[in-house]
**Student:** 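I am attaching a structure below and will ask some questions about it afterwards.
Naming: A, B, ... by sequence-line order, numbering from 1 per chain.
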Amino acid sequence: MVKNENILDLRGVYTSFGKIKMLRNINIHVDRGEIVCLLGSNGAGKSTTIRTILRLIKPDKGEIYFKGTRIDGMKTYQIVRLGISVVPEGRRLFPKMSVLENINIAIASKEKIDDTGEKLDRIFELFPVLKERKSQLAGTLSGGEQAMLAISRALVQEPELLILDEPSFGLAPILVEEFYETIKEINAQGTTIFLSEQNAGKALGISNRGYVLQKGEIIVEGSTEELLDSEEVRDAYLGKE
Amino acid sequence: MVDNKKLLDARNVVMNFGGLKALDGVNVHVNKNEILGLIGPNGSGKTTFFNVITGLYHLTDGEVSFEGENITDKTPQEIARLGIIRTFQSSRLWFELSVLDNVILGMYMREKPSLFSSFFKYNRVRSDLEAKAEEAKAILNEFNPDLANNCYKRAQELALVDRRRVEICRALVAHPKLLLLDEPSAGMDPAETKELMDDIKRVRKTKKGLGIVIIEHDMTVISTVAERVVVFNFGKKIAEGDFSQIRLNKEVREAYLGKE
Amino acid sequence: MFLTFLLQLKNSIMLGCQYSLIAIGFTLFFGILNVVVFCHGDFYIFATFAGATFLLIFLNLLPGIVSVILIAVALFIAMVLTGFLGVVVEKVTIKPFRKSNPIIPILSTLSAGTIIEQLLKIFYPAGSNPQIFPNIIPAGGINIGEFLFGTNEIVILLFTIVIFIFMYFLIKKTKIGSNIVAISQDFEAASMVGINVDRYVSITFFIGASLAAIAGFMNGIYYTVFRYDMGAMAGIKGFSASVVGGLGSVFGAVIGGFLMAFVETFAAAYIPGGSAIRDVFSFVVVLLFLIFRPSGILGEKIIDKV
Amino acid sequence: MKRRGFVMFLVVFLLTFSLLAFAGGQKEKVVKIAFIGPLTGPNAAQGMGARNSFELAIRQANASGEFPYKIEMLALDDASDPAVGANAANKAVSDPQVVAAAGHWNSPVARATIPIFHENGVALVIWGAIGVDLTDKYGKMYPEITRVCPKLDAENEFLADWLLTKQGYKTFYIIHDTSSYGKDCLTFMKIGIEKRGGKILGIDGVNVGEKDFMPLLTKVKEKNPQVLYYGGVVTEAALLRVQIVKAGLTNMLYTGISGLADQKFNEVAGSAAEGTVIVKPGDPKEVKGWPAFVKAYKDAKFNEPMGAYGQYAYDAAGVILAALKKVGPDRKKLVSAIRNIKYKGLLGTYTFDDTGQTTLVSMTLLVSQDGKWVKWEDSEYASGKRKLPR
Amino acid sequence: MKKGKLLLIGVFFELLLLALIVIFLKIDNFLQSILIFAVAVGIWFLLARKTRMVENLGMAMEEKRKELLLIALLMVIILPFFFLNNIYIIHILILALIYAIAAVGLDFQMGSTGMVNFAQGTMLGIGAYTSALLCTTFGVSFWIGLVGAIIVSGIFGVILGLPTLKTKEYHLSLVTIAFAYVGYLLILNMKWTGGPDGIAGIPKPKLFGFSLSRSIDIGGISIPGKMLYFYLVLLALVLLIIVASRLKNSWLGLTWNAVRDDEISAKCYGIRLMPYKLLSFVFGSVFAGIAGVLYAHLVGFISTESMAFSVDLLLVAMVILGGMDNIAGVIVGAILLVIIPEKFRSIQDFRILLYAVTLILMLVFRPQGLIPKKVRVYRNISGNR
């Protein structure tokens with residue numbers, strides 16, 4: 001594994017929504033092979049950061065690079081095709097399409113639809129339950145299954161960087177465990193992972209490094225150990241007990 | 001027998017969406033002068049519970065009563081008039097109106113606006129509105145002087161935190177008997193959260209008999225403010241008691257905090 | 001009596017073919033962008049003009065060429081031109097307003113429709129007069145007893161069925177179709193899985209407008225007389241049909257189109273004095289649907305999100 | 001204070017500009033005659049043709065040198081809309097140089113403007129609106145109103161007489177558009193048919209702008225009438241004609257009055273038009289001056305053809321000019337001068353009765369033959385070579 | 001900035017505007033009027049850029065609102081005296097004021113409550129027909145016709161309003177479109193409405209014995225009857241503006257806005273949607289009805305052309321052009337859209353085209369309208385602004 005290759009780099013990003021300043025001077029970098037987590041409470045700006053990376057929101061200022069290519073002027077689909085896949089906040093599946101169709105769309109948007117079979121097999125190996133449900137509408141899946149489908153949809157695109165926005169949202173605790181195991185596994189197979197989480201304990205458990213957002217600013221960054229020990233993080237994020 | 005202490009009593013509430021059971025036979029009551037914390041993982045039915053109580057959703061089965069009166073089949077407006085006021089998770093202000101107008105509109109129910117007076121006693125209506133504006137400004141000032149100074153800003157121009165504050169102000173001026181707060185501290189930093197907790201405590205002190213239900217993710221808030229806590233998971237109530245008890249409850253720990 | 005009934009049924013099916021094709025466009029546009037394109041009827045009449053013009057040119061330049069090829073080429077050109085018109089209209093009058101108050105695109109597309117209509121009127125030779133669609137389909141047809149099925153009617157019916165089948169396959173079986181469906185279910189998610197949404201919006205407008213072009217061409221073949229201002233009403237009827245069928249549902253649009261046509265035809269045929277107020281009946285049907293089933297026949301229920 | 005200077009500069013600039021805008025009035029003595037008609041909107045073709053003919057008459061008058069002042073036409077648009085017509089009428093009467101007016105192709109517009117002309121004492125010569133009440137009712141009340149074209153009832157009366165008495169048709173079906181014109185057509189055709197013992201099998205209205213007549217024609221087919229009378233104008237008439245053939249109603253005569261009398265009908269209906277019989281007021285081709293008029297119109301190089309009412313607009317101008325020559329540019333005098341005029345125009349000699357209606361009435365029967373309107377007497381139908389459907 | 005100076009700036013601006021309007025109306029030449037218009041717009045932009053004029057003006061409007069409004073009213077009152085010999089212009093001005101009334105009414109739905117209504121022109125027609133029928137068939141006076149029209153259009157407002165409780169946005173707009181077409185076709189095809197012939201001979205109103213159709217001489221100046229009618233319409237407009245602004249500035253306006261911005265929030269604060277939505281339709285329709293009556297008695301003739309769909313569209317355009325939920329804006333929009341097309345009439349064919357292009361440009365570059373809505377200001381509260 002090549003270490004220290006900078007795969008994602010945000011430099012001084014500012015974003016606003018209407019007149020509200022959402023992000024201020026965000027500097028984040030993700031190296032190849034890492035799991036980096038972005039922590040913060042509800043509304044701290046995690047999703048905004050991810051949406052800015054994907055150019056769903058236009059940043060006011062700052063630069064964003066992916067593998068050295070500047071992407072903050074590109075369109076969302078171009079960024080995705082460069083090799084960033086995302087599991088968005090709230091999954092955002094296509095609810096009236098079947099599991100298979102959801103996956104096929106993701107494959108098709110990246111390349112020709114021919115070699116569907118092989119990729120599908122791999123996905124169904126990872127999540128056997130999806131195979132059983134493959135012709136069921138995505139909207140009728142259970143929360144856990146939806147999460148699996150969302151992550152499958154991202155994985156079939158064979159991204160170099162997988163972005164997960166609150167992937168554990170709405171999952172039963174047991175499933176969260178499993179889910180994080182899966183993420184670790186995916187990472188072990190070579191995909192770099194950038195995830196945002198409210199649930200700090202869980203996320204730090206699998207991450208190499210982390211950033212903590214508060215009111216649109218990064219207040220702490222560092223390795224998992226540093227973050228877990230940091231007083232500031234405790235106060236700001238986990239609350240005093 | 002009607003229990004005098006009980007402000008709200010929801011018995012065996014069931015809420016179905018298609019095949020999905022969002023609430024599955026929940027029993028919750030709120031007493032007068034009490035702050036009840038409502039916690040549970042995301043998607044456990046907390047907000048749905050608020051929607052059922054306020055009449056936005058029509059429940060599938062069960063009964064809700066308020067001050068001994070059955071409100072199961074009442075419209076949101078009737079329920080609001082009885083004194084149940086809520087805030088929303090993603091704040092729902094009237095975004096094109098000014099902060100001041102938002103709070104003034106919170107007083108809508110206190111006096112039935114008459115069409116006649118807006119024509120013929122216009123000056124009185126205006127001075128009444130101005131008095132209300134004054135009151136609104138005062139309460140905004142209590143919460144955050146900065147907000148009071150910016151009271152002519154449109155609500156859509158506010159930061160998230162301020163939106164929540166305005167929402168709470170708006171709820172308070174409606175003189176509720178039961179206040180439902182849906183994640184009021186979301187998006188606030190610790191200092192702001194602390195302010196909020198102080199505000200809630202102050203409100204409780206000044207308004208006699210006010211019951212508050214607060215949905216929270218921030219355990220600090222729950223532990224400081226709530227006197228009793230109800231825990232939801234998958235649409236079911238899994239525990240009830242004071243926070244220290246709840247923290248020790250195994251089921252809750254597993255469901256909410258995860259197995260460790 | 002029964003024969004007349006059958007004939008009226010045929011009449012309403014002919015009308016329904018056109019309404020449905022227009023309604024599909026409305027439904028596609030609404031599905032993908034949540035916007036009602038009020039100039040859709042003007043796409044339709046634009047296509048009639050384009051079709052007639054190219055047919056005339058071909059008839060003059062290339063007399064004697066097999067007419068089927070001729071018609072196909074003219075239709076194709078009309079579809080492409082109208083399709084591009086649709087794309088341009090989207091870029092100019094809808095895209096800038098994607099995030100604004102939904103009143104704005106209503107007005108901007110209405111204005112766009114007026115512009116198309118006026119351009120036809122001013123710049124088409126003798127544009128304010130009624131125009132003639134060249135008579136390209138041989139007269140005659142099949143007689144079953146006294147039941148006459150004209151050649152052009154057969155052509156229109158078969159062609160519409162072909163288009164319906166084509167649309168079914170396009171939406172259900174192709175990448176374009178599934179991408180359009182995906183965008184209509186979740187615009188942002190679609191871009192997040194790497195779909196070039198802007199391109200597919202353009203494709204959708206191209207398809208929708210060219211369906212209107214087919215309807216416009218049929219209009220020419222069937223009625224042979226048309227005028228620049230006939231688009232507005234066709235547009236409103238198509239919109240009504242798509243609402244009755246359920247905005248967002250392609251199959252619903254087809255049903256809605258035929259239902260509207262049935263109501264109109266039979267009101268004109270069987271209610272004394274009905275032909276003068278046939279539109280009253282169809283609009284009353286629309287009103288009833290809007291009041292009692294606003295989601296239409298096949299549309300999804302509209303639920304307020306809290 | 002640089003700023004104030006700038007503002008002052010702007011103000012001065014604006015004022016000078018406005019003064020400039022006021023300057024530039026005409027020195028030459030000018031008399032204006034207003035022409036009002038549908039220059040835009042659905043009937044613009046009729047309005048433009050009439051406007052051109054009217055202008056031609058005025059150009060000729062100026063060229064003749066018989067007037068000691070320049071005569072100008074003030075062409076105003078009523079867009080076939082009464083409200084717009086009222087605006088135009090107000091504009092005409094507001095201009096002190098306007099001495100008289102000729103107006104309207106649509107009767108509802110005339111109904112809206114007649115009171116305006118009456119209140120302001122300006123003579124209005126109607127050139128194209130054929131609603132019966134315009135003279136029968138208003139002309140009787142207001143001396144300002146005269147009309148050079150025939151009323152609608154005369155046309156229907158003539159047609160009914162020909163169909164029933166001369167040709168012996170017995171069963172009829174009437175379709176009319178729901179405009180004022182169509183409704184009047186219905187009223188008078190019905191009278192004409194019933195008076196002569198004809199049988200009306202059905203009456204139906206259609207809206208202007210409607211294009212799908214198949215349900216209606218399927219219904220007509222069941223009734224099987226000998227004659228279908230359409231009271232309306234060209235576009236719908238042609239659409240109807242095409243669909244009659246499509247519906248297989250080949251053994252039925254299609255007929256109408258002057259609303260159909262336009263070459264456009266033949267062009268648009270194509271081969272289906274064959275055998276359509278209509279009646280049209282006036283027979284200009286019989287008149288001596290006609291070829292000269294046609295030539296003059298052609299030489300004037302107007303963009304639009306003269307249309308069915310061009311000759312009436314031309315004669316309306318003639319009537320006004322003749323009166324003007326007699327009494328000079330005075331609104332009041334012109335009113336009575338026009339009413340009492342005896343003017344030899346393109347179509348014959350005009351005098352007006354006590355309702356202001358011209359006494360000059362002549363009717364022509366036309367039949368569509370090989371894509372052209374042909375006078376009945378000259379047609380192959382009359383000679384028996386071809387047969388009208390029965 | 002001193003208050004006196006502010007007033008001066010305001011008055012100066014209003015005078016300039018008056019001069020501009022008079023010149024614009026007087027000029028009959030299309031190109032010249034376009035030029036005047038362009039110069040005015042250009043000056044405005046220059047002023048806005050280079051000086052503080054515009055800001056000062058805004059301040060003047062706020063500080064000296066009452067005085068400036070009064071002066072503006074005075075100017076409108078003297079306006080027709082510039083056109084004593086030109087009834088046409090007075091006629092157009094009256095039409096502008098009449099449409100302003102209808103547009104202010106429409107704004108109750110579009111601006112205050114956020115519902116697009118494509119049937120306001122139909123409501124105008126209903127009002128006009130009611131009064132016309134009452135006055136011609138029953139021979140009652142204008143005033144009784146007016147009262148009748150108010151009642152009838154109010155009732156139709158309820159009828160139109162009822163289905164809107166179940167529908168939103170595009171569906172709602174289709175409801176109103178359908179209503180407009182049904183109304184149009186029914187009136188066109190019924191016998192007692194005069195059908196396509198319309199109703200002619202609608203009498204001019206009488207005021208204190210004066211018929212508003214005859215001109216009267218005062219001190220040697222002949223004042224055309226139209227001018228009196230102008231004042232009648234102006235009076236109606238001013239009264240209705242007062243009504244509208246009182247409604248909008250009282251609880252009713254606030255609740256309407258609440259319904260517009262968030263229905264669910266409104267429900268949770270005890271605001272019942274139905275009565276408020278209905279009220280906005282009733283008031284809007286009554287305004288349209290009054291406008292219709294004034295229209296019918298002005299033209300003296302009413303037919304379905306006056307309530308065609310294009311009229312509905314025109315009214316919607318007026319509200320959007322002027323600025324939703326702002327009475328002043330809506331009135332400006334209405335006046336512009338009546339007067340400018342009259343100027344465009346000389347270029348005939350291109351008129352409607354230009355019109356549509358202008359509208360699109362407007363929507364792209366200034367979607368909030370010429371005069372956007374403002375936040376409500378409460379005086380006499382501590383720390384104002």
**Student:** Counting heavy-atom pairs closer than 4.5 Å to chain C, which one of D:A269, D:G202, D:G205 comes out on top?
**Tutor:** D:G205

**Student:** Chain D and chain C: which donor-acceptor pairs fall below 3.5 Å?
**Tutor:**
from, atom 1, to, atom 2, distance (Å)
D:D204, OD1, C:S275, OG, 3.4
D:G205, O, C:S275, OG, 2.4
D:G205, O, C:A276, N, 3.0
D:N207, ND2, C:A276, O, 2.5
D:K211, NZ, C:Y44, OH, 2.4
D:K211, NZ, C:N219, OD1, 3.3
D:D212, O, C:R278, NH1, 2.6
D:D212, OD1, C:Y223, OH, 3.0
D:D212, OD2, C:R278, NH2, 3.0
D:M214, O, C:N11, ND2, 3.3
D:P215, O, C:Q8, NE2, 2.8
D:T218, OG1, C:N11, ND2, 2.7
D:E222, OE2, C:T4, OG1, 3.2
D:T235, OG1, C:R227, NH1, 3.0
D:K246, NZ, C:Y222, O, 2.3

**Student:** With rounding to the nearest 0.5 Å, note down the distance linking CE in D:M214 to CG in C:L15.
**Tutor:** 11.0 Å

**Student:** Would you mind telling me which of C:A267, C:A269, C:G274 has the largest number of heavy-atom pairs within less than 4.5 Å of chain D?
**Tutor:** C:A269

**Student:** Among D:V242, D:V245, D:V206, D:L239, who wins on heavy-atom pairs under 4.5 Å with chain C?
**Tutor:** D:L239

